[in-house]
Amino acid sequence: MLTIGEIASRVGVSADTVRYYEKQGLLRPEKRSEGGYRLYGDNAIRRLQFIKQAQHCGFSLAEVAELLKLQGEPEARCDDVRHRAVAKKVELERKIRALQTMSAALNELIEVCQVQESRPLDFCPIVAALEAGLVAPAAPEEML
Amino acid sequence: MTIRLEFFAVPGCSRCAQAKTALEKVVQDFDATKVQWREVDILQEMDYAIELGIVGASAMAIDGELVFPQLPGPQALRAELLNRLNRP
């Protein structure tokens, strides 16, 4: 059995993160030591790695919880996970496009301010453009 | 007037395939010249899917508008088609 520090170190997260996952209902210690310390088994390592990787792929902790719940459902199929993965990809692609729009808007602002860096802020074209609403905003649903 | 139906999903999705079978049956009840059906692979046409506002792994658009963000049941699709075909 591993202590919280050991399991955290094995997976590459902090002990606080493990405690937070536990608070969120994602993880439970297998048992407690006589002194009341949390003790974890191999299953907890796999679970922690799963949580970490899923977060790396963009899943929120709530979504990770759903994925973990699926693991315990005998009628759950690969398709259920794939469906969520595709939905997540669509969400990420939407965010990528929103970021590209924002980046392009910044390019426009940077372009108009090229050789005026020493002018007082009152004459800054970026500030003026932002005040005048000259930058095309991303759609509300595209805001991150 | 021809209604353009677009069924968004990804290949290999069994739950989408089941829904597709049921929805295609509805479409077959209509004159083929009145209702067109197209399957769209979301992963292949991501730009278009995002442009329409799709947020999930399956959806249905009608005439280039996201009418069903989640796949409808056969009755809902039939009602929507009848409604559109009966419009003056």
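So you know, we letter chains A, B, ... as the sequences are listed, proteins then strands, and number each from 1.
Annotation for A/Arg19: atom CZ counts as buried by contact number, over 12 foreign heavy atoms lying within 6.0 Å. Atom CD of A/Glu6 has more than 12 heavy atoms from other residues, nucleotides or ligands within 6.0 Å. Surrounding CD of A/Glu73 are more than 12 heavy atoms belonging to other residues, nucleotides or ligands, all under 6.0 Å away. Other residues, nucleotides and ligands place more than 12 heavy atoms under 6.0 Å from the CZ atom of A/Arg82. Residue A/Glu75 qualifies as enclosed at atom CD: its count of foreign heavy atoms under 6.0 Å is above 12.
Between A/Arg94 and B/Gly53, the shortest heavy-atom contact is NH2-C, 3.2 Å. Taking each heavy atom of A/His83 and B/Ser58 in turn, the nearest pair found is CE1-OG, 3.7 Å. The heavy-atom pair separating B/Cys13 from A/Asp79 by the smallest distance is CA-OD1, 3.5 Å.
Interatomic distance, A/Glu91 CD to B/Ile50 CD1, rounded to the nearest 0.5 Å: 10.5 Å. Here the straight-line distance linking atom CD of A/Glu93 with atom CG of B/Leu43 works out to 9.0 Å at 0.5 Å rounding. Taking NZ of A/Lys89 as the reference point, atom CD1 of B/Ile42 lies at 11.5 Å (rounded to 0.5 Å). Atom CZ of A/Arg97 sits about 10.5 Å away from atom CD of B/Glu51, to the nearest 0.5 Å.
Contact count versus chain A (heavy atoms, under 4.5 Å) is highest, among B/Ala9, B/Ala49, B/Cys16, B/Pro11, for B/Pro11.
Residues A/Met1 and A/Tyr40 do not share a hydrophobic cluster, defined by chaining ILVMFWY side chains whose heavy atoms lie under 4.5 Å apart.
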